[in-house]
S.K.: 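Got a structure for you, questions after.
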Protein chains: 2
Amino acid sequence: MAGELVATQDCSSCPIRHRAVCARCDEDELSKLNAIKFYKTYPAGQTIAMRGDALNIVASVVAGTATLERVIEDGRTQMVGLLLPSDFIGRPGRATLQYDVTAVSDVTLCCFQRKPFEALLVDVPHLQQRLLEMALDELDAARDWMLLLGRKTAREKIASLLMLIAKRTVHPDGKVMGDTTRLELPISRETMANFLGLTIETVSRQFTGLRKDGVIELDGNRIVRIPDLEGLLVETGDDSDGGTLF
Amino acid sequence: MAGELVATQDCSSCPIRHRAVCARCDEDELSKLNAIKFYKTYPAGQTIAMRGDALNIVASVVAGTATLERVIEDGRTQMVGLLLPSDFIGRPGRATLQYDVTAVSDVTLCCFQRKPFEALLVDVPHLQQRLLEMALDELDAARDWMLLLGRKTAREKIASLLMLIAKRTVHPDGKVMGDTTRLELPISRETMANFLGLTIETVSRQFTGLRKDGVIELDGNRIVRIPDLEGLLVETGDDSDGGTLF
DNA sequence: GCAATCCCTTGATCTGGGTCAATGCACGGT
DNA sequence: ACCGTGCATTGACCCAGATCAAGGGATTGC
């Protein structure tokens with residue numbers, strides 16, 4: 001596992017506190033977490049870990065975007081997880097990794113040594129509980145994603161992806177979407193294709209299609225404006241309960 | 001939630017003990033589990049629970065096959081979970097159900113009241129741990145499934161499904177596949193289609209295709225014989241690490 | 001024995017999205 | 001300024017799998 005060691009910081013300032021493992025810890029527990037914690041950064045494009053690697057850390061994403069991918073020998077690739085800030089990597093009780101983990105943008109991870117982390121789990125029940133909650137959330141997300149992969153059309157897939165990114169985009173003012181209709185796509189066309197089970201050509205065509213139909217506006221190829229969110233939802237065939245896809 | 005109440009049995013004889021929640025319990029813990037436990041059966045085809053239902057139990061599948069499905073308004077259906085004996089339904093901390101649960105064959109569930117079950121989790125850490133393990137297993141399975149849905153061809157999908165059923169089929173002698181090449185499919189063509197993100201016509205055609213190519217033999221439409229397991233694996237493009245799809 | 005279902009198969013045809021190939025940028029390096 | 005390299009777009013064509021439609025057994029009830 002490559003990546004540059006950055007610094008050991010105090011967990012109380014950990015940017016992921018709001019959603020990740022340390023959110024409910026008291027001072028004592030925090031100091032224990034701090035003792036086994038360190039930060040690493042990876043440049044965009046770098047492989048963070050490969051399928052089959054022994055994984056002796058667990059980590060939270062602090063900044064940037066990473067992906068989990070399954071690859072068949074012939075090169076076909078399916079993304080199986082999109083890791084945005086506050087998402088968790090790795091699992092207690094599993095020594096080896098099932099997927100390739102890749103940094104899509106520059107990524108900062110908040111890492112914990114796996115062994116002592118697991119030991120801590122035994123002492124701190126609410127950590128275990130938090131991990132279970134996160135695993136169940138991921139499971140729900142994975143299942144919504146399965147609906148998308150198995151039954152949605154290319155256009156619906158793109159629309160769902162845009163909605164997903166919108167929901168997970170935190171604007172400088174701290175608000176989440178709704179107020180703004182401007183999105184920065186954190187991933188390339190290829191990454192989207194691997195996410196959606198499409199080819200990059202189809203992704204590209206769908207974007208131009210949506211643009212020509214006036215559903216979205218493109219500014220460069222990473223900025224999307226969605227004037228009429230409702231219109232997009234209609235495209236999505238969205239279950240409107242919002243789903244749990246991240 | 002319909003279903004006929006069967007009997008309250010002693011947990012030590014619970015057929016799911018080997019994989020489900022009570023596997024590591026001592027006598028005291030077992031008696032606590034027994035206090036909140038009861039069995040229910042559902043006839044084939046019956047809806048066990050609908051998306052949005054308040055779910056005040058959790059349960060293990062003791063016998064039979066059930067499915068978890070996500071349905072879009074226009075009728076498109078994607079199965080997101082296949083529940084075979086020893087699989088677990090429901091989740092602590094979630095009051096409502098995200099998916100439709102349907103009995104495919106006659107199903108017997110070993111049910112626990114959700115509230116007291118959750119209370120028990122707090123007292124019995126290894127139960128919590130077991131649930132986390134199961135959730136992570138399901139997550140791995142879901143992710144393999146995503147690869148299947150997003151990137152595999154119809155034939156590969158069928159082959160993967162057959163392998164999956166083979167792995168989960170327990171023969172009367174207690175052995176799992178390998179020794180036998182004869183499978184009983186627990187699900188209909190339609191259910192398979194919803195599993196694989198295909199139409200029933202395509203599923204049917206793939207079965208005849210595999211038969212004509214000599215890869216499988218059909219006896220009726222629920223019995224499959226696979227003379228050459230290797231041949232099927234070649235079809236599958238199987239990652240050969242076996243994957244974790246159930 | 002005869003409908004009526006249910007589930008499955010098979011055929012004919014269509015089409016969404018894949019494949020192959022060319023072109024268009026935006027960039028960093030020399 | 002000029003290339004090279006890495007995305008993204010666009011076009012032409014094709015094909016796996018969907019769709020539409022017609023039977024083909026089993027099983028059940030009358």
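Please read these numbers as outputs of a predicted model, since none were measured by experiment. Computed over heavy atoms, backbone and side chain alike; hydrogens, waters and symmetry mates excluded. To find a chain, count down the sequence lines: A is the first, B the second, and so on, and within it residues start at 1.
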S.K.: For the base of D/dT10, is there a side-chain donor-acceptor partner from A/R211 under 3.5 Å away?
M.R.: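 Side chain to base: no pair present.
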
S.K.: Rounded to the nearest angstrom, tell me the gap between atom CG in A/L185 and atom C1' in D/dC7.
M.R.: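 One finds 14 Å between C1' of D/dC7 and CG of A/L185, rounded.
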
S.K.: When you measure from the side chain of B/T153, which nucleotide among C/dC8, D/dG17, C/dG17 comes out closest?
M.R.: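 Between C/dC8, D/dG17, C/dG17, the one nearest the side chain of B/T153 would be D/dG17.
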
S.K.: I'd like to know if A/E156 pairs up with B/R76 as an ion pair, taking the criterion as any Lys NZ or Arg NE/NH1/NH2 lying under 4.0 Å from an Asp or Glu carboxylate oxygen.
M.R.: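 Yes, this pair counts.
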
S.K.: Are the side chain of A/R222 and the backbone of A/L183 linked by a donor-acceptor contact shorter than 3.5 Å?
M.R.: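 No, the answer is negative, given that no donor and acceptor are paired below the 3.5 Å cut-off.
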
S.K.: How would you label the contact of B/G197 with the nucleic acid (heavy atoms, under 4.0 Å): base, sugar-phosphate, or nothing?
M.R.: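 Sugar-phosphate contact only - B/G197 comes under 4.0 Å of backbone atoms but never of a base.
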
S.K.: Give the rounded distance in Å between these two atoms: CZ of A/R76 and P of C/dG18.
M.R.: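 In whole Å, C/dG18 P lies 13 Å from A/R76 CZ.
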
S.K.: Touch check for B/S188, heavy atoms < 4.0 angstrom, all strands: base, sugar-phosphate only, or nothing?
M.R.: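 Sugar-phosphate only.
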
S.K.: Classify the side chain of B/E190 versus the base of C/dC7 as yes if they form a donor-acceptor pair under 3.5 Å and no if they do not.
M.R.: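 Between C/dC7 and B/E190, which were checked side chain against base, a qualifying N/O pair under 3.5 Å is absent.
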
S.K.: Side chain of B/L198: nearest nucleotide among D/dG17, D/dA8, C/dC8?
M.R.: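 Among the listed nucleotides, the one closest to the side chain of B/L198 is D/dG17.
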
S.K.: OP1, OP2 of D/dG17 versus side-chain N and O of B/T202: anything below 4.0 Å?
M.R.: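 The answer is no; no side-chain N or O of B/T202 sits under 4.0 Å from OP1 or OP2.
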
S.K.: Please tell me if the side chains of B/I165 and B/P186 come closer than 4.5 Å, counting only heavy atoms from C-beta onward.
M.R.: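 Yes, at least one pair of side-chain atoms sits under 4.5 Å.
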
S.K.: Rounded to whole Å, please give me the gap between CZ in B/R151 and P in D/dG17.
M.R.: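 Going from B/R151 (CZ) to D/dG17 (P), I get 14 Å.
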
S.K.: From the options D/dA8, D/dG17, D/dC20, select the nucleotide whose nearest atom is closest to the side chain of B/E201.
M.R.: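 Among D/dA8, D/dG17, D/dC20, the one nearest the side chain of B/E201 is D/dC20.
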
S.K.: Which nucleotide in the list C/dT19, D/dT19, C/dT10 gets nearest to the side chain of A/R205?
M.R.: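 Minimum distance to the A/R205 side chain belongs to C/dT19.
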
S.K.: Any sub-3.5 Å donor-acceptor pair from A/D106's side-chain atoms to A/P43's backbone N or O?
M.R.: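 Such a contact is absent between A/D106 side chain and A/P43 backbone.
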
S.K.: Find the distance A/Q206:CD to D/dA8:P and express it as a whole number of Å.
M.R.: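 Result: 16 Å.
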
S.K.: Looking at A/T199, does any N or O in its side chain come under 4.0 Å of the phosphate oxygens OP1/OP2 on C/dG17?
M.R.: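 Answer no for this pair, as no side-chain N or O of A/T199 is under 4.0 Å from OP1 or OP2.
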
S.K.: C/dT19, D/dT19, D/dT9: which one has an atom nearest the side-chain heavy atoms of A/T208?
M.R.: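 Out of C/dT19, D/dT19, D/dT9, the nucleotide with an atom closest to A/T208's side chain is D/dT9.
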
S.K.: For B/G209, which contact category applies under a 4.0 Å heavy-atom criterion: base, sugar-phosphate, or nothing?
M.R.: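 Here B/G209 touches no strand at all.
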
